[in-house]
Amino acid sequence: DGSYVKFDKTNPILGSITIASNNLNNTLAIEGQVVTLTFASSEDIGTPTVNILGGAATVTNVADSSNWVATKTVGGADSEGVVGFSIAYSDKAGNNGTTRTDLTGGGDPVTVDLTVPQITKASIATNNSTGDELSVPGDVVTLEIETSEAIQTPTVTIATQTATVSQGADALTWTAT
């Protein structure tokens, strides 16, 4: 009748494995953001078991059974640091692939940061000739801040006016005028 059976003894292999978050800087993630693991196999595989941040991820095939995406939302109880993951998989014949925990597609890992930055020091002064604690229209008011960790450029408003902000020696110190 022309039918045949193909005997598959070849273990599947995962090729490119990449990770990113939906943060503006896709190598960082905070609570509520989504971490996405993207990977491809050498052949069609069954739905893999994927853990991200120590818990089960939502796994979806993309276009076919050899391209996959796994996602997990960062929670407040997750650990800070580089996002760990594992991918366990097997092909349609039941051959197991080697469980993967490493990135192979280039790119950087994602780091979870749940620590809210704090202003640790702030001082404000003016160029008023009578005293730096006084200000009248035309005076320049300067706010200097230091933070507990590196931050992105803050938005500062002084007396209802958007201030010009400049970074000090590092992303921990800032001056707004």
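These numbers come from the heavy atoms of this one structure, side chains and all, not from hydrogens, waters or symmetry mates.
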Peer 1: Taking side-chain contact (heavy atoms from CB on, under 4.5 Å) as the test, write out the residues that go with Ser16, two or more places apart.
Peer 2: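 Once residues adjacent in sequence are excluded, the partners of Ser16 under the side-chain contact (heavy atoms from CB on, under 4.5 Å) criterion are Thr18.
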
Peer 1: Is there side-chain contact between Lys92 and Ser65, with heavy atoms separated by less than 4.5 Å?
Peer 2: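 Yes; the side chains approach each other to less than 4.5 Å.
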
Peer 1: Once side-chain contact (heavy atoms from CB on, under 4.5 Å) is applied, do any residues pair with Ser66, and if so which ones, sequence neighbours excluded?
Peer 2: Ser41, Asp44, Asp64

Peer 1: To the nearest 0.5 Å, tell me how far Ser129 OG sits from Leu134 CG.
Peer 2: 9.5 Å

Peer 1: Output all residues satisfying side-chain contact (heavy atoms from CB on, under 4.5 Å) with Thr49, sequence neighbours left out; order by chain, then residue number.
Peer 2: Ala88

Peer 1: Indicate every side-chain donor-acceptor pair of residues 142-165 with a distance under 3.5 Å to a residue at least two apart or in another chain.
Peer 2:
unit_1	atom_1	unit_2	atom_2	d
Thr147	OG1	Glu149	O	2.8
Thr147	OG1	Leu172	O	3.4
Ser148	OG	Gln118	N	2.9

Peer 1: Test question: given the 4.5 Å side-chain rule for I, L, V, M, F, W and Y, name all other residues clustered with Val59, or answer none.
Peer 2: Leu14, Ile17, Ile19, Val35, Leu37, Phe39, Ile45, Val50, Ile52, Leu53, Trp68, Val74, Val83, Phe85, Ile87, Tyr89, Leu103, Val110, Val112, Leu114

Peer 1: Ala93: what forms a side-chain contact (heavy atoms from CB on, under 4.5 Å) with it, not counting sequence neighbours?
Peer 2: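 Ala93 satisfies side-chain contact (heavy atoms from CB on, under 4.5 Å) with Asp8, Asp91, Asn95 only.
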
Peer 1: Test: side-chain hydrogen bond (donor to acceptor under 3.5 Å, both in side chains). Region: residues 22-31. Which pairs qualify, not counting sequence neighbours?
Peer 2: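 Sorted result for residues 22-31: Asn23-Gln33, Asn25-Thr27.
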
Peer 1: Taking Asp139 for the side chain and Asn127 for the main chain, is one N or O donor matched with an acceptor at less than 3.5 Å?
Peer 2: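 Not at all, since once roles are kept as given, no pair shorter than 3.5 Å links the two residues.
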
Peer 1: Tracing side-chain links under 4.5 Å among I, L, V, M, F, W and Y, which residues wind up in one group with Val136?
Peer 2: none

Peer 1: Side-chain heavy atoms under 4.5 Å apart, restricted to Ile/Leu/Val/Met/Phe/Trp/Tyr: what other residues fall into the cluster of Val140, or is it alone?
Peer 2: none

Peer 1: Go through the structure and list residues passing salt bridge (charged side-chain N to carboxylate O under 4.0 Å, His left out) with Asp102, not counting sequence neighbours.
Peer 2: Arg100

Peer 1: Members other than Val62 in its cluster, when Ile, Leu, Val, Met, Phe, Trp, Tyr link by side-chain heavy atoms under 4.5 Å?
Peer 2: Val69

Peer 1: CD1 of Ile13: more than 12 outside heavy atoms within 6.0 angstrom?
Peer 2: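 No, because the 6.0 Å sphere around CD1 of Ile13 holds 12 heavy atoms or fewer from other groups.
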
Peer 1: Could you name each residue pair satisfying salt bridge (Lys or Arg N to Asp or Glu O under 4.0 Å) that touches residues 68-87, not counting sequence neighbours?
Peer 2: none

